[in-house]
Participant: 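What follows is a structure written as structure tokens; I'll ask about it next.
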There are 2 protein chains.
Amino acid sequence: MKLSERQLQILQAIIYDYVENAEPVGSRSIAKKYDFGVSPATIRNEMSDLEDMGYLTHPHTSAGRVPSDKAYRLYVDDLMQKRSLSAKEKRFINERLAANRDEFDQTIRHAAKLLSEITQLTSFVMTPTTNQDTISFVKLLPADEETVILMIVGDSGRIMNTSLRIDNSYSKDVLDILSKNITVNYKGRTLDEVLQSEIVKEASSDIETLNSLIGKVRPTFIKTLEDMLDVNLYMEGMTNIFDIPEYSSIDKAKAFLEIFSKREEFTRKILERGDGVVVTIGDENDSMEDCSLITATYHVDGKLVGKIGVIGPTRMKYDEITSIIEYFTKNLNETFKLTDGKDK
Amino acid sequence: MKLSERQLQILQAIIYDYVENAEPVGSRSIAKKYDFGVSPATIRNEMSDLEDMGYLTHPHTSAGRVPSDKAYRLYVDDLMQKRSLSAKEKRFINERLAANRDEFDQTIRHAAKLLSEITQLTSFVMTPTTNQDTISFVKLLPADEETVILMIVGDSGRIMNTSLRIDNSYSKDVLDILSKNITVNYKGRTLDEVLQSEIVKEASSDIETLNSLIGKVRPTFIKTLEDMLDVNLYMEGMTNIFDIPEYSSIDKAKAFLEIFSKREEFTRKILERGDGVVVTIGDENDSMEDCSLITATYHVDGKLVGKIGVIGPTRMKYDEITSIIEYFTKNLNETFKLTDGKDK
DNA sequence: GTTAGCACTCGTTGCTTAAGAGTGCTAACT
DNA sequence: AGTTAGCACTCTTAAGCAACGAGTGCTAAC
């Protein structure tokens, strides 16, 4: 059943009011504050209909109405209009983000901090996933008598290197041969493929010394690949939730914070989300039914994809926050456009 | 004024009871539960004296007594006896810690998790400080046409390497010369010294190409040194505090969790603490008056020093927890005794 | 020095009452 | 048919109050 124009307006007014005041909104206050030219009784009837359709709920008989997840979904999809940031707001964000551009992890973490500061919610950032990155070349470099450096360079420009100690030293030639061997084998494959496949365990050679070297390098090679695949998750502004009425009971606060104790699970969920700005509301998040999540993707070098987002109660300013996050990703994309290849 | 034997016993009983039940303890219950052979009235008199001496406080007139920070301090210093863990407990810890010895950060993080699980408090670990580590040698390695790897090896065996891209390629010879230059300059100095001193900015040469190279390497060199000095802090079991009566009010919980939002500050405070098992109670921790902290140091390769600890309300089982933490450090020392030099 | 006895304090619990916000229904109005 | 006024009803919240209980502090006797 379609909603009438007036019902949409009333619903929007209720959402607006509830988001603002965090309290069930009654027919009288709607009629008073928003000029619909009708009496509270009429509003009441409409509200009753909206409730029947599942857009509103009742905490108890004699309380005002509260928007349901379905209402927020409707609002996000159809009703809300993206609020473009004012020049002043943009300038503020730009300045604050520009102040800290030293190191990659530092930079995005700083962005998360700023995001939580602006939204007054809990925010998080994730370093880019590199499982779609392909191997450009692999090189073993002699460092000193007992140390060899393993370097893996991805086509994205990312470089990882790990030092490994091996007891008897190998000649540069042997290292070069193995380097080329590995490179030939894996060039163009994604890190994921290389790790998933069994090839990494099969590689062998006819030459004795080479074989012994392979045995020593393999674990480090695998480990370095795994390290390259790891994403880091940073959370900021966790204590902000204490100022939100929704989490003013200990139980609620605890449930909320426990989400972040299960880091791996949370990380996985965020990784699964689609590109661009994604909003999930209440029920739509399994195991976080009382929260809404807004995430967005940013790009490094136009390729690797990281995530940034906020998490808060379903009652949040979706219009404002999506706009802000969108602007953040624009800024980050710009910042990481011409990034040089230094690792992490 | 010295406490009488009986006063000490009563104080100990009060501490024991309060730690157990988290409720002000009255004279009657002490007289009943612990057999002092005197009446509640006598206990009451002693309690009154203990209060005058600052060992007990009164929430309000008609409530029982609560141990003060001073009482806990006395308890920790003189009264408590270290509880050595049972073979079963030791075995449990050993098994759980052995299960995860892959990577350094992973291992200590796992230890923190276990520690918070056992103590039901919030725990943390810190990776070792390396500012007393001295430089063994520095080496620049050519990787490909546009990439050079900078490797810094510490006397502790720790190796850090960073790749840097430089536009025009330098010959292996030039890199070698610079490597030797740097090594000669900084060998034997601590990372801290090198960073603190101005030397790092002064280094220059007569040869033109070398100078241009130095200019390009310097920022990376400094940055890598800084990276080596960085300690990582991991916290586990934050949500445990919600089950502790002391933090059952939102305000208290918030105050507690805000400690961890100020990561840098917290890290600094932990770093300042002495070696071995250190207990600080309430007031003794500035800006965390309502908490007690127990930390201990663990060693890597018998040299580098990291920290592990718990934080909770002043009302905690000092005897048990110090023993557990001590055992943890023993285990960690053992684990990291023969560690190989792989970075981090 | 120890103890019993007792008045007193203070927080907690449970109960009642009143106020207030809001609904839902009905009957009247346009 | 849609809108509205009126009103009974529901439910939450706050305030007030009495009863209870745990515990102290003091005094006088042992």
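Below, all heavy atoms of this structure are taken into account, side chains as well, without hydrogens, waters or symmetry copies. Letters go in sequence order (proteins before strands), and every chain restarts at 1.
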Participant: Counting distance only, does the side-chain N/O of A/Thr42 pair as donor-acceptor with the main-chain N or O of A/Val38 below 3.5 Å?
Facilitator: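 Looks like no, no N/O pair under 3.5 Å.
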
Participant: Counting heavy atoms from C-beta on, name the nucleotide in D/dT10, C/dG11, C/dG24 closest to the side chain of B/His60.
Facilitator: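 Out of D/dT10, C/dG11, C/dG24, the nucleotide with an atom closest to B/His60's side chain is C/dG11.
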
Participant: Whether B/Ser62 contacts C/dG11 is assessed here as follows: a side-chain N or O lying under 4.0 Å from the phosphate OP1 or OP2. Is that the case?
Facilitator: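 No, outside the criterion.
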
Participant: Using atom NE2 of A/His58 as one end and atom C1' of D/dT10 as the other, report the distance to the nearest whole Å.
Facilitator: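 Whole-Å distance recorded here is 10 Å.
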
Participant: Rounded to whole angstrom units, what separation is found between the CG atom of B/Leu50 and the P atom of D/dG23?
Facilitator: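 Value for this atom pair: 17 Å.
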
Participant: Below 6.0 angstrom between ring centroids: does that apply to A/Phe242 and A/Tyr247?
Facilitator: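 They do not qualify: ring centres at least 6.0 Å apart.
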
Participant: Which dot-bracket notation, 5' to 3', represents the base pairing of DNA chain D when pairs are defined as Watson-Crick or G-U with both distances under 3.5 Å, crossing pairs as [ ], and inter-strand pairs as |?
Facilitator: ||||||||||||||||||||||||||||||

Participant: Rounded to the Å, how far apart are B/Glu51 CD and D/dC26 P?
Facilitator: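 Going from CD in B/Glu51 over to P in D/dC26 covers 11 Å.
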
Participant: Answer with yes or no after comparing the ring centroid distance for B/Phe124 and B/Tyr234 against a 6.0 Å cut-off, counting only values under it.
Facilitator: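 Centroid distance B/Phe124-B/Tyr234: not below 6.0 Å, so no.
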
Participant: Have B/Asn21 and B/Asp17 got a donor and an acceptor in their side chains that come within less than 3.5 Å?
Facilitator: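 A donor-acceptor contact under 3.5 Å links the two side chains.
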
Participant: Quick one, which residues of residues 22-48 of chain B touch DNA chain D with a heavy atom under 4.0 Å?
Facilitator: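 Contacts with DNA chain D under 4.0 Å: B/Gly26, B/Ser27, B/Arg44, B/Met47.
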
Participant: Is a donor from one side chain sitting under 3.5 angstrom from an acceptor on the other, for A/Thr295 and A/Arg273?
Facilitator: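 A donor-acceptor contact under 3.5 Å links the two side chains.
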
Participant: Report the distance from atom CD of A/Gln7 to atom P of D/dG2, rounded to the nearest whole Å.
Facilitator: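 Rounded to the whole Å, the gap is 12 Å.
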
Participant: What is the separation between atom CG on B/Asn21 and atom P on D/dA22, rounded to the nearest whole Å?
Facilitator: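 Nearest whole value for this atom pair: 15 Å.
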
Participant: Under a 4.0 Å threshold between the charged nitrogen and the carboxylate oxygen, would A/Glu265 count as salt-bridged to A/Lys269?
Facilitator: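 Here A/Lys269 pairs with A/Glu265 in a salt bridge, since their nearest N and O are under 4.0 Å apart.
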
Participant: Would A/Lys70 and A/Tyr55 count as a cation-pi pair here, with the cationic atom under 6.0 angstrom from the ring centre and within 45° of the axis?
Facilitator: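 Pair A/Lys70/A/Tyr55 counts as cation-pi.
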
Participant: Rounded to the nearest 0.5 Å, how far apart are CG of A/Leu3 and CG of A/Leu50?
Facilitator: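 So the CG of A/Leu3 and the CG of A/Leu50 are separated by 6.0 Å.
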
Participant: Side chains of A/Ser48 and A/Glu51: donor-acceptor distance under 3.5 Å anywhere?
Facilitator: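 Result is no, nothing qualifies.
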
Participant: Counting only side-chain N and O atoms of A/Arg65, is one of them less than 4.0 Å from OP1 or OP2 of C/dG22?
Facilitator: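 Answer no for this pair, as no side-chain N or O of A/Arg65 is under 4.0 Å from OP1 or OP2.
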
